[in-house]
There are 2 protein chains.
Amino acid sequence: MRARRPTIVDVAREAGVSVATVSRLINGDEKVNADYTKRIRAAIDLLGYQPDERARQLRRGRTQTLGATVRSIAEPHPVLRAVDGEARALGLSMIVMSTGDDPEREREAVMAMCRRRVDGILIEPVAESLAYLQPEIDLGLVVVAFDRPAGDVALDTVLSDNRGGIRQAFDHLTALGHRRIAYIGDDERIYTGHERAEAVRGHLRDLGESVDGMVHAGPVHTETVAAALDVLHRLPVPPTALITGNAATTLEAVRCLGTAFGSTTLVGFDDFALVDLLPAAFTVIAQDEARISETILELFRDRLARPTAPVRTVVVPTALIVRGRQEALT
Amino acid sequence: MRARRPTIVDVAREAGVSVATVSRLINGDEKVNADYTKRIRAAIDLLGYQPDERARQLRRGRTQTLGATVRSIAEPHPVLRAVDGEARALGLSMIVMSTGDDPEREREAVMAMCRRRVDGILIEPVAESLAYLQPEIDLGLVVVAFDRPAGDVALDTVLSDNRGGIRQAFDHLTALGHRRIAYIGDDERIYTGHERAEAVRGHLRDLGESVDGMVHAGPVHTETVAAALDVLHRLPVPPTALITGNAATTLEAVRCLGTAFGSTTLVGFDDFALVDLLPAAFTVIAQDEARISETILELFRDRLARPTAPVRTVVVPTALIVRGRQEALT
DNA sequence: CTAGGGGAAGATAACGTTATCTCGCAGCGC
DNA sequence: GCGCTGCGAGATAACGTTATCTTCCCCTAG
């Protein structure tokens with residue numbers, strides 16, 4: 001027969017004190033007599049008592065827990081890592097759930113967190129509408145969006161400067177003499193995909209270049225990227241440089257270009273660990289993950305402290321990391 | 001002034017029924033009158049009621065939650081992804097915490113999960129001793145270890161066949177005529193690092209080859225791997241093939257070999273997504289992540305069903321994925 | 001016409017904590 | 001001697017659920 005799990009009542013009985021005294025000791029109240037302290041500690045060890053966090057949180061109200069939803073729990077997520085560390089430093093537990101970029105799963109994950117009464121949620125929004133969160137926010141839930149804006153509900157938000165990143169890439173490439181600059185990237189229904197593609201179109205127009213066939217946005221697969229490259233290759237005036245819209249696209253492009261890769265002028269959005277292992281070096285637009293994470297937690301804390309303050313959107317600059325030989329176009 | 005969060009009592013009052021009836025409806029009890037059902041649903045929507053999971057779990061006992069500790073929450077983790085999906089299908093929530101390969105953090109994470117009364121914990125053990133878990137296990141906590149065995153406490157465990165994987169690599173390489181096969185891998189204080197290095201030593205002895213200077217195990221950094229490669233290069237009879245002990249080592253080796261990489265016969269432990277983008281293809285020993293995940297959940301379910309059954313250790317075979325040109329040694 | 005059965009809804013006691021209130025006692029000033 | 005203050009400890013009412021026990025009512029069999 002399995003033993004019942006010991007509760008604070010068992011500890012109190014064992015130590016011969018009241019439950020209130022045990023509770024006080026557990027919660028670091030200084031005013032517990034030394035003799036009692038010793039007896040209670042002994043009882044806790046003897047019984048193997050572990051306070052029940054559920055009951056605690058229920059009674060106290062706050063859960064000291066931060067929820068986060070991300071695309072995939074299994075893929076590298078620099079922002080999440082930094083936030084995880086900082087949250088622990090703040091005495092917050094984190095619970096992370098994955099959305100698989102599916103709005104329905106996102107909603108389920110978020111509501112599950114609400115039912116657990118997390119103090120706050122960091123969300124990388126997938127769904128068009130987050131209106132279902134409004135009642136929770138009104139009841140005091142703190143929500144910070146990152147990477148993508150929330151759309152139809154007013155949230156503190158941290159974004160990368162997507163358009164600025166594209167501008168940096170254009171400045172770099174035009175300085176080398178490029179004018180025909182093509183783009184392949186993520187679906188424009190995704191915010192970052194739209195911003196980056198749109199920025200490219202704007203810069204091409206500014207240069208007086210035709211946009212036709214130069215900007216390819218859609219789901220990222222080997223086939224779609226190969227098809228886009230094929231279109232670019234057949235243009236009457238083919239591009240001399242290529243910008244890829246995110247890490248996945250960059251990798252697919254490298255894969256499709258094969259041996260042609262080394263001789264292509266490429267700038268990729270997003271830096272990643274293995275760039276230097278690829279057969280040739282290239283320049284990237286890097287997001288400032290450290291600063292993004294810090295800002296997320298800063299907005300979270302500020303909101304907790306002043307729930308009625310106006311919402312803020314912080315845009316974090318990107319940095320161009322120049323790699324490889326920089327040959328001017330002849 | 002912020003509104004108080006609505007409770008089941010508020011819903012009952014609003015709908016003009018008892019709390020018990022509301023509770024029954026929420027929990028899918030069929031026997032609630034259609035009229036009441038409608039009124040309760042309306043009240044729930046009106047008030048924006050969300051049941052408090054903490055109170056629920058407290059009352060019910062079970063939390064329907066599975067905890068998992070992994071090295072890093074921010075790095076790719078195929079096992080975790082699969083488990084995440086399967087757990088959701090079983091109606092379990094997951095809460096994931098990172099250990100950073102630090103025994104102290106591991107213990108904190110595990111105990112935090114215990115205090116939340118998770119039904120089970122999947123653990124990739126870091127610490128030498130997990131004895132502190134024994135009381136929890138006696139009280140009904142289900143714990144499944146994966147990737148590494150638990151050492152001093154009897155746990156259901158899922159491991160990859162590390163020694164078998166090395167054997168596959170040796171069979172492959174010796175068939176091509178190699179006999180001087182070197183190894184660089186992770187620290188031997190880590191279980192997988194030890195198993196793999198030890199297996200290499202065994203096979204070298206079986207071949208009648210000297211082991212001296214051929215097996216390098218230690219923390220994986222660019223410098224350590226470079227130093228190991230340097231030692232190998234200077235041996236009186238240098239190796240003709242190299243086995244790398246995990247993905248990180250493989251990448252560092254590729255990095256250090258630089259242009260020499262394409263002409264080196266390499267077999268890497270662990271397959272990973274970007275292998276085909278590296279300047280040259282090579283053979284890998286792949287772990288069967290799908291089967292590992294399935295097994296983890298199978299052991300978890302079995303243990304939940306039969307708490308007193310003897311513990312099991314399941315070893316999952318690896319598969320050799322042959323890539324690149326297979327030139328016989330002349 | 002009544003007893004008894006069954007089914008649906010209400011009342012209420014847990015679940016394991018902590019915050020608040022109360023109590024007893026010692027110390028102290030007048 | 002008396003009341004006041006302060007301090008440490010005990011008793012207890014929440015927190016928001018659900019499981020169990022009642023109650024009530026209607027239907028049917030005898």
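Lettering follows sequence order; numbering is per chain, from 1.
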Taking only N/O atoms, report every protein-nucleotides 6-9 of chain D pair under 3.5 Å with atom names and distance.
residue, atom, partner, partner atom, Å
D/dA9, OP1, A/N33, N, 3.4
D/dA9, OP2, A/K31, O, 2.8
D/dA9, OP2, A/N33, N, 3.3

Next on the checklist: One pair to check against side-chain hydrogen bond (donor to acceptor under 3.5 Å, both in side chains): A/T65 and B/R116. What are the steps and the verdict?
Outcome noted: CA-CA 12 Å; A/T65 302; B/R116 282 168 182 252; 2.7 Å; yes
Item to check | Cationic N near anionic O, under 4.0 Å, A/R5 to A/D52 | outcome: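 Result for this pair is no, no salt bridge flagged.
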Checklist entry - Does a side-chain N-to-carboxylate-O contact under 4.0 Å join A/R60 and A/D119? => result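 Between A/D119 and A/R60 there is no salt bridge, as every charged N stays at least 4.0 Å from the carboxylate O atoms.
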Checklist entry - Are any of the side-chain heavy atoms of B/L155 and B/I137 separated by less than 4.5 Å? => result yes
Checklist entry - Should A/R4 and A/D10 be marked as a side-chain contact (heavy atoms from CB on, under 4.5 Å) after you check the CA-CA gap, both sets of side-chain angles, and the distance that decides it? => result CA-CA 10 Å; A/R4 200 176 48 85; A/D10 301 316; 3.2 Å; yes
Item to check | DNA chain C: 5'-proximal contact among B/R60 and A/I26 (nearest heavy atom) | outcome: B/R60
Item to check | A/R41: partners by side-chain contact (heavy atoms from CB on, under 4.5 Å), with sequence neighbours left out | outcome: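 A/R41: side-chain contact (heavy atoms from CB on, under 4.5 Å) contacts with A/L25, A/T37.
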Item to check | For B/V79, all residues meeting side-chain contact (heavy atoms from CB on, under 4.5 Å), sequence neighbours excluded | outcome: B/H77, B/V83, B/F146, B/E289, B/I292, B/S293, B/I296
Checklist entry - Between the two end axes of the helix from C/dC1-D/dG30 to C/dC30-D/dG1, each built from 5 base pairs, what angle do you get to the nearest 10°? => result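 Its terminal axes enclose an angle near 60°.
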Would you confirm whether [X], through its side chain, and [Y], through its main-chain N or O, come within 3.5 Å as a donor-acceptor pair?
X      : Y      : answer
B/R303 : B/A309 : yes
B/E124 : B/R71  : yes
B/E86  : B/L297 : no
A/Q287 : A/S160 : no

Checklist outcome for this item: At a 4.0 Å cut-off to heavy atoms of chain B, the contacted part of DNA chain C spans C/dA8 to C/dG16
Checklist entry - Are side-chain N/O atoms of A/R39 and A/N33 paired as donor and acceptor at under 3.5 Å? => result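 Side chains of A/R39 and A/N33: no pair found under 3.5 Å.
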Next on the checklist: Does anything in residues 7-14 of chain B come within less than 4.0 Å of DNA chain D? Heavy atoms only, and list the residues if so.
Outcome noted: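 Nucleic-acid contacts, sorted: B/T7, B/I8.
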